[in-house]
Amino acid sequence: MNVKSLVKRNYKKQPEIDFPDYKSSIFRAPKNKKISIPSNNSEIFGPIFNQKIIGKLDNDLTLNSSKNKMSPIGHKIIVYGTVIDQFSNPIKGALIEIWQANAAGKYLHQDDINPAPIDPNFSGCGRSLTSSDGSYEFLTIQPGPYPYPNRGIEWRPMHIHFSIFGKSFGQRLITQMYFEGDPLINLCPMVNSIADERAKKSLVGKLDTSRSKSPNILAYKFDIVLRGVKQTYFENRHEGL
Amino acid sequence: MKNYNKILDETPFQTAGPFLHIGCMPNKIKINNLYKNDLGEVPFKNKNEIEMITIEGSVFDGNGITLDDVMLETWQCDENSQFFEDNGFARFIPDKLTKKFKLFTVKPGQVKNLDSKNQSPHICLSISSRGLNMTLNTRIYFEGDDLINDPILSMIKNNKGNIDSLVAKKIKKNVYAFDVFLQGDKETVFFDI
Ligand SMILES: [Fe+3]
C-alpha cells in the first residue's frame, strides 16, 4: 500500500505570523501555537482546475482589460518561471492567480485609498495553468510601489501577488513576488517578517534580459516551490498478525 | 524508489493583502469583463438542493470586530466520502453589510485516514487576509456527529486545544453556525497541516 504524506513545513523559512512591525497583524495573528496534524486524504487531495476555465487573454494583463485595444500605461514586462515541488518534480496544471497595482501603484479596488490614478485599460488581474514542465508566463505592466498606512505611511516595494494551487490542498500557497534591485524590499515589514535571508531572497524575481523577443519588454524570472508529497510503501498488515 | 534526501525549501508565504479580490474573485468587486465565474462559487454542481446544508458565521479579530476583507476557502469530500477533482472546493468572503459568510454545500461523509481509521465528517477551511503573513488552516466538524473517536480531534484534545472552536453548531434543520476567532479567549485552533 502506498501512503502519501506532505513534507512537514519548515517554519524557520516562513514569515513570523505574529509580527507587530506589520501593524495589521497585531489583532489578526493567532497567539496560540499551531497544532501539528498528520496529513491525510483531506489535505493530500485538492481541487484540480481545467484548462477550459482559462480564457485566451487571462495571462495577458496588458490586453485582458484594455478598451479598444488601448495599452495600459507603464513598462510591459514578462513574468515567468516554473512551479515545482520540494523534490524538484514539475507540477503540471498548477493554477496561478495574480493581482497587482498599476504603473502608478493604484489597485482597481474600492478599498484602495492611495490617491493615484486608475488606469482604465488595466485591472491587474490574471491567471494561468502551468504546462507539463511546470512553466508559466504572464505579460503585464511593471507595478508601481505604493504608500500605505502602517507605522505612519510606509511604502510597499513593487510586487505582484501570487496565489497557487498545486495538486494537494496542503500545497496551497499565497505569496508575493518582488523585483530585483528594488531598494524598498529591505525596508518592508512584510518581507522582513521572514527571518531567513535565503527564503527572503527567493521571493525576488530575477531580471532576465535574454527572455524577451522584444527590446521594449523586460523579463523577470520567478520560480515557485510547493510542498513535496512523499510516497511511502507499507506492507499491508492484517489484524492479528 | 524516489530519492527523498534532497529537499528544496518551500517558497515562503506573504500576506494576501486587502485587495485579494482582484485576483481571486474579480466578479465580486465588479471586474466583470474577465472571468465568466469566480472560482469556487459553488462547491458542488448538480446536487439536490434539499440535501444541502448551510454553514454561516463570521471571522472575528482580536478586538472582537467582524472582518469583511478575509477570504475563506473550503475543501471537502461529498456525502459518500468521495473526493473529486472538480468538485468540493469553495471560495467566499463575508457579506459587506452583515459581515457573515455563508457556505451552501453538502454535508461530507467520513474521511478515511491514511492508516485507514475513519475521521468524522469535516470540511477543511483556510483563511487568508490582510494582516495574516500566512494562510491559516483549520477544520469544520459538525455538532451531533461522533466527535470522541476522531483521531485529529483526540490529538487536539491531548494538546489542550479548544475543540469546541472546530465544531459547527446546529441552529436548525440543515443550518449550522461556525464562527472563526483569530485571537482571544475563544481563539480557533489552527493547524500545521
Ligand atoms: Fe499589494
Side-chain angles (χ1 to χ4, degrees), chain A residues 3 7 9-10 13-17 19 24-25 27-32 34-37 39-43 45-48 50 64-65 86-88 97-99 107-112 123-125 161 163 169-170 172-176 190 193-194 199 202-203 224-228 230, chain B residues 2 4 6-24 26 29 31 33-35 61-63 69 73 75-76 83 85-86 88-89 111-114 119 122 124 126 128-136 152 155-156 159 161 182-183 187-193:
Chain A
V3 171
V7 173
R9 188 159 264 153
N10 182 357
K13 311 270 179 171
Q14 291 289 346
E16 193 64 56
I17 192 123
F19 194 74
S24 300
S25 81
F27 293 108
R28 293 193 176 198
K31 298 290 182 195
N32 295 332
K34 291 190 185 84
I35 295 181
S36 195
I37 63 168
S39 21
N40 71 98
N41 287 341
S42 300
E43 287 83 26
F45 291 121
I48 309 286
N50 194 301
N64 71 12
S65 301
Q86 286 178 283
F87 304 118
S88 302
E97 298 165 290
I98 64 168
W99 63 102
Y107 283 97
L108 189 58
H109 196 290
Q110 73 238 23
D111 294 342
D112 188 1
S123 66
C125 167
H161 294 267
S163 156
F169 197 64
R172 183 97 182 78
L173 174 70
I174 293 183
T175 190
Q176 301 179 32
M190 295 175 213
S193 67
I194 305 168
S202 70
L203 295 179
I224 296 159
V225 181
L226 301 184
R227 287 171 80 188
K230 263 191 215 179
Chain B
K2 229 192 122 59
Y4 288 131
K6 202 174 164 280
I7 299 182
L8 303 173
D9 288 337
E10 183 193 13
T11 300
F13 276 76
Q14 289 279 267
T15 181
F19 310 124
L20 55 90
H21 319 90
I22 297 174
C24 296
I29 54 160
I31 300 177
N33 53 332
L34 279 176
Y35 307 156
D61 74 4
N63 290 322
D69 62 353
E73 292 178 329
W75 170 244
Q76 64 171 102
F83 280 99
E85 295 195 335
D86 53 355
F89 171 71
V111 178
K112 264 231 184 318
N113 200 354
L114 292 170
Q119 296 189 5
H122 63 268
C124 297
S126 86
S128 308
S129 87
R130 170 173 75 84
L132 292 176
N133 283 326
M134 289 184 82
T135 297
L136 302 175
I152 299 294
M155 192 176 275
I156 288 157
N159 278 286
L182 297 179
Q183 290 180 358
E187 185 176 309
T188 300
V189 172
F190 296 103
F191 300 155
D192 164 27
I193 59 172

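Residue numbers start from 1 in every chain, and the chains themselves are labelled A, B, ... in the order their sequence lines are given, proteins ahead of strands. Given the structure is predicted, the values throughout are model-derived calculations rather than measurements.
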Legend entry - chain A contact via P18(B) - side chain, backbone, both or neither, heavy atoms under 4.5 Å: backbone
Inset, instruction - Using a cut-off of under 4.5 Å on heavy-atom pairs, state which of T188(B), T135(B), N133(B), V189(B) scores highest against chain A. - result: N133(B)
Inset, instruction - Output the option from D61(B), L34(B), I156(B) having the highest count of non-hydrogen pairs under 4.5 Å with chain A. - result: L34(B)
Inset, instruction - Output yes when a side-chain donor or acceptor of N41(A) lies under 3.5 Å from a complementary backbone atom of K112(B), and no otherwise. - result: yes
Inset, instruction - Counting only heavy atoms closer than 4.5 Å, note whether I193(B) contacts chain A via side chain, backbone, both or neither. - result: both
Legend entry - Toward chain A, the part of E73(B) with a non-hydrogen atom under 4.5 Å: both
Inset, instruction - Measure from the side-chain N and O atoms of Q14(A) to the backbone N and O of F13(B), and report whether any donor-acceptor pair falls under 3.5 Å. - result: yes
Legend entry - Under 3.5 Å: donor-acceptor pair, side chain of E187(B), backbone of P30(A): no
Inset, instruction - Identify which part of L136(B) has an atom lying under 4.5 Å from any heavy atom of chain A, answering side chain, backbone, both or neither. - result: side chain
Inset, instruction - Could you tell me whether E10(B) and R9(A) make a salt bridge, using a distance below 4.0 angstrom between a side-chain N and a carboxylate O? - result: yes
Inset, instruction - Decide, yes or no, whether a salt bridge links D69(B) with R28(A) under the criterion of side-chain N to carboxylate O below 4.0 Å. - result: yes
Inset, instruction - Give the minimum heavy-atom separation between F83(B) and S42(A), together with the two atoms involved. - result: CZ-CA, 3.7 Å
Inset, instruction - Would you please name every residue forming a side chain to side chain contact (heavy atoms under 4.5 Å, CB included) with I22(B), sequence neighbours left out? - result: W99(A), Y107(A), H109(A), C125(A), F19(B), I29(B), I31(B)
Legend entry - Interatomic distance, N40(A) atom CG to Q119(B) atom CD [nearest 0.5 angstrom]: 4.0 Å
Inset, instruction - Please confirm whether the backbone N or O of T15(B) pairs with a side-chain atom of Q176(A), one donor and one acceptor, at under 3.5 Å? - result: yes
Legend entry - Side chain proximity check, F190(B) to I35(A), heavy atoms < 4.5 angstrom: no
